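On a predicted model such as this, the values are computed, not experimentally measured, just so you know. Proteins get letters first, then strands, A, B, ... in listed order; numbering begins at 1 in each.
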Amino acid sequence: MSVTATSTAASATILPFAESAAKITRDVRPLRLITCGSVDDGKSTLIGRLLWDTKAVKEDQAVTLARDSGGQNDLGLPDFALLLDGLQAEREQGITIDVAYRYFSTEKRSFIVADTPGHEQYTRNMATGASTADLAILLADARVGLLEQTRRHATIASLMGIRQFVLAVNKFDLVNYDREIFDRISHEFREFALSLGVRQITAIPMSALKGENVVYPATSTMPWYEGPTLVDALELATTRSTQTGGFRLPVQRVSRPGESFRGYQGTVAGGSIKPGDSVVILPSGTIANVKQIVTFDLVRNAAVAGDAITLVLDRQVDVARGDVIASLDGQPMTGVSFEAQMVALQPGGIEPGKRYWLKSGSRRQRVAVEPISQLDLQSGSWAPHASGLDMNAIGKVRLSFEEQAVFDTYEQNRSTGAFILIDPDTLNTVAGGMITAKRGELGGIRRGEPVQGDRVILSLPADLAELLMATDAFAARRDDVDIRRVSGAEAAQILTSGDKDR
Amino acid sequence: MPLSVQETEIKNPPVSRPPLDPHLKALENEAIHIFREVAAEFENPVMLYSIGKDSSVLLHLARKAFFPGRVPFPLLHVDTTWKFKEMIAFRDKVAEDYDLDLVVHSNVRGRQENITPFTHGSSFYTDVMKTEALRQALDAGGYDAAFGGARRDEEASRAKERIYSFRTPDHKWDPRNQRPELWNVYNGMIRKGESVRAFPLSNWTEVDIWRYIQAENIPLVPLYYAAERPYVERDGMMILAEDERLELLPGEEIKHGSIRFRTLGCFPLTGAIRSTASNLEEVIAELEIATVSERQGRAIDRDQSGSMEKKKREGYF
């Protein structure tokens with residue numbers, strides 16, 4: 001672990017980046033990323049610069065831009081914000097109000113960018129963009145450093161399962177390319193990201209306006225920086241892969257083109273499968289073996305997470321849309337009561353006790369939602385909360401089903417651990433949620449009914465705390481644990497008073 | 001092959017090809033997932049088929065999604081009656097070869113009132129013969145979901161379009177009030193009369209489309225490939241001069257040259273480009289160095305900035 005060795009600007013990369021890059025054969029699947037920041041941070045300029053320098057913007061689009069904006073900036077570039085803000089309503093208001101998707105590519109890879117607005121009230125849009133993203137670019141203005149908003153965006157991104165952050169410290173031309181400023185901001189960000197359980201962190205000093213360290217390196221103005229450019233970092237990033245876990249196939253359709261053929265169609269949501277493997281159909285629990293994997297490109301001898309396939313089993317079993325076909329070893333959780341984290345997406349919020357439709361994979365079923373606590377985005381802590389969740393609120397909730405439900409935790413599987421809530425009155429999508437545990441069998445350090453604020457407090461010397469926070473074990477438990485950095489004497493005192501309380 | 005699959009009747013059985021590169025494979029998987037989800041969730045889906053390259057890719061993906069079964073919904077072609085002749089011939093051959101249910105609809109009112117792109121201007125003509133015709137056809141079929149080949153990279157207002165794009169009973173799109181769309185969990189719940197436009201190609205770019213056509217050997221209307229063709233220059237566009245309904249204006253003359261089309265629509269509104277790219281490899285090579293977007297050849301987008309958003313709000317696909 002090179003966690004402790006990072007204050008040099010020579011490597012702004014916190015994780016052993018070189019090691020992981022060497023281990024992984026280059027990933028050429030499209031990288032999905034989200035950009036977080038506000039107009040003030042220069043987000044439109046950054047995305048515009050990416051599109052411009054990778055030649056994703058064509059001449060006629062630039063001409064339309066020039067015509068609409070009536071001019072160019074002093075570098076002879078068009079006003080990128082106009083290119084990006086697609087809807088007339090937004091142009092009139094001068095703000096971005098929705099998630100927009102941008103596409104660009106380099107020789108090595110292609111990228112899908114979810115461009116989300118920075119305003120506080122649009123947490124829901126950020127959650128939407130982050131749900132499919134593998135990496136988040138967080139923007140900071142070099143003149144002001146990290147804002148409350150940057151922390152908020154990082155918190156939401158980590159909650160939605162993003163495990164790779166790039167901190168783009170923008171407008172470096174306005175601080176005389178001062179290395180100390182970069183060191184301070186990147187160090188502060190690293191500490192914060194680690195506390196969220198995110199360990200792949202790359203900080204890059206840049207000027208999006210001048211195109212420095214975005215696509216092209218800024219060797220003349222920032223010779224002290226030897227890390228990757230933004231595009232270098234994006235090319236090296238990994239896409240999420242759930243190929244290591246158990247096999248999961250949420251059944252979308254049963255294909256019966258003739259009497260003799262019955263195939264179960266869906267997209268593999270985790271693990272891999274080959275003919276001969278034993279599988280269980282959930283929630284019924286029926287067991288069968290895989291006979292063949294059919295695709296248009298003839299019969300295949302294996303399928304992995306992400307593949308859209310048709311599975312044929314070796315016996316007549318009852319399988320319907322919404323069922324999950326899973327590996328016998330490492331089955332998902334089946335039950336009627338789960339815990340989840342949830343983002344409320346609509347003005348009406350989430351009402352406790354109301355029966356909603358929940359859709360996960362291809363399964364839709366009735367559920368009642370009971371909020372337990374709500375995340376305070378200012379402090380990053382969970383506060384007890386008994387009433388409903390307002391729009392943009394992030395809460396921990398208890399889900400109660402009328403019929404058996406099948407889930408993995410979101411931590412283990414971003415497909416089978418994710419769901420949306422649909423309001424039965426408006427039919428609108430009112431929440432996005434992530435399963436954290438099955439209730440009744442909550443393992444680990446919590447026992448019985450979880451009481452809010454019931455977190456384990458670990459009081460540790462600062463260096464130990466740093467090490468612990470960089471581990472997988474902590475990442476998986478970060479909601480359960482509160483780390484306090486203390487001296488040995490303080491720790492002893494806490495222990496004594498804790499014993500007295502019992 | 002000793003498969004149970006073989007027992008079902010399949011026209012044009014698939015042939016073995018080298019595996020797709022991971023990028024195209026990911027896009028293909030996503031599109032197939034969307035096709036299957038819509039087909040399972042909606043009662044009466046239809047696929048909008050415009051005969052162009054994106055439609056050809058869309059159709060290919062639909063066949064893959066439901067293999068070894070047939071494509072379980074009809075294809076709808078809104079025929080403005082001003083399409084290139086080669087397009088219509090291609091459409092009919094495809095429907096025959098792939099055993100598809102093809103529905104063709106033209107706006108009867110528009111034909112009776114003789115609304116043409118020459119006499120009424122591109123904007124009004126498009127409203128009647130495309131937008132109004134599409135609404136008529138969707139209403140007539142009672143379709144609750146319609147697949148389209150739109151891509152988010154095509155035009156600024158499309159960048160915010162959802163994969164399931166919700167429409168009111170009168171086919172209006174409200175860009176300010178779209179349903180959030182998280183992960184690949186799509187909300188297909190609608191009320192009677194409402195409908196959803198589903199876009200399996202949302203995340204594809206023009207280059208992806210061409211590379212996929214190449215990798216999968218998907219047949220296209222020959223107009224996409226360069227050949228010696230007659231044309232007329234009008235309003236800065238090269239218009240194909242093959243249809244007897246094209247009347248020359250004073251000063252215009254029919255020229256000949258090696259041209260091709262990057263998009264296909266109504267021939268009077270679709271500009272050709274000068275090109276010698278007469279096969280797929282050459283078209284892709286040309287595209288990779290192209291400095292203008294594909295919609296540049298479309299008269300309909302140039303009326304005013306934001307014109308596509310306006311048309312979409314009114315029900316244009």
Side-chain angles (χ1 to χ4, degrees), chain A residues 28-30 58-61 64 67-68 83 86-89 97-103 105 110 112 124 127-128 131-132 252-253 255 257-258 260-261 263 265-267 292 294-299 306-308 310 312 321 345 357 359-362 414-415 418-420 422 427-429 432, chain B residues 1 3-5 7-9 14 16-17 19 21-23 25-29 32-33 36-37 39-40 63-70 152-153 155-160 175-176 178-185 187 189-191 202-203 205 207-208 290-293 295-296 305-306 309-310:
Chain A
V28 291
R29 284 174 295 173
K58 304 294 188 184
E59 274 172 15
D60 56 318
Q61 294 168 325
T64 308
R67 191 186 67 196
D68 284 359
L83 174 75
L87 303 176
Q88 275 180 334
I97 54 168
D98 205 337
V99 187
Y101 295 87
R102 323 281 175 201
Y103 304 83
S105 57
S110 63
I112 301 174
R124 58 176 193 156
T128 302
S131 70
T132 51
Q252 290 183 280
R253 268 184 105 237
S255 170
S260 58
F261 185 88
Q265 301 189 315
T267 304
Q292 55 182 214
V294 177
T295 71
F296 189 81
D297 305 297
L298 298 185
V299 169
D307 288 345
T310 301
V312 180
R321 171 175 165 81
L345 304 169
W357 284 108
K359 189 178 177 191
S360 174
S362 52
R414 275 177 83 178
S415 296
F419 63 89
I420 60 169
I422 300 166
L427 302 186
N428 205 343
T429 306
Chain B
M1 298 287 289
L3 299 175
S4 49
V5 176
E7 294 162 31
T8 35
E9 283 287 323
S16 198
R17 272 181 291 268
D21 78 60
H23 169 71
K25 188 75 199 165
L27 292 173
E28 179 190 80
N29 282 328
I32 289 176
H33 181 85
R36 288 170 170 175
E37 198 62 13
R63 293 175 61 224
K64 281 195 154 189
F66 302 107
F67 178 84
R70 290 178 82 220
R152 286 174 178 152
D153 84 323
E155 200 267 342
S157 79
R158 292 227 199 259
K160 304 193 177 186
R176 296 296 299 271
Q178 300 191 80
R179 288 178 176 177
E181 207 163 66
L182 291 89
W183 301 286
N184 63 349
V185 189
N187 177 359
M189 298 189 79
I190 54 169
R191 289 198 179 77
S202 287
N203 287 320
T205 64
V207 175
D208 296 330
T291 56
V292 294
S293 78
R295 295 205 76 90
Q296 197 221 12
S305 222
E309 183 191 346
K310 188 168 163 291

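Between chain B and the residues A:Ser362, A:Ser360, A:Ser105, A:Ser110, the largest count of heavy-atom pairs under 4.5 Å involves A:Ser110. Contact count versus chain B (heavy atoms, under 4.5 Å) is highest, among A:Gly432, A:Ala127, A:Gly361, A:Ser131, for A:Ser131. The greatest number of non-hydrogen atom pairs below 4.5 Å with chain A, out of B:Lys25, B:Glu37, B:Glu28, is found for B:Glu37. Listed options B:Asn187, B:Ile190, B:Asp208 were ranked by heavy-atom pairs under 4.5 angstrom with chain A; first place goes to B:Asn187.
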Trace of the side chain to side chain contact (heavy atoms under 4.5 Å, CB included) decision for B:Glu181 with A:Thr132: CA-CA 10 Å; B:Glu181 207 163 66; A:Thr132 51; over 6 Å; no
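Both the backbone and the side chain of B:Arg191 come within less than 4.5 Å of a heavy atom in chain A. Looking at A:Ile112, only its side chain comes within 4.5 Å of chain B, counting heavy atoms on both sides.
For A:Thr267, the side chain to side chain donor-acceptor pair (under 3.5 Å) criterion is met by B:His33, not counting sequence neighbours. Residues passing the side chain to side chain donor-acceptor pair (under 3.5 Å) test with A:Trp357, sequence neighbours excluded: none.
Looking at B:Phe66 and A:Ser255, their side chains never come closer than 4.5 Å, going by heavy atoms from C-beta outward.
When all heavy atoms of B:Ala39 and A:Arg253 are compared, the closest pair comes out as CB-NE, 4.2 Å.
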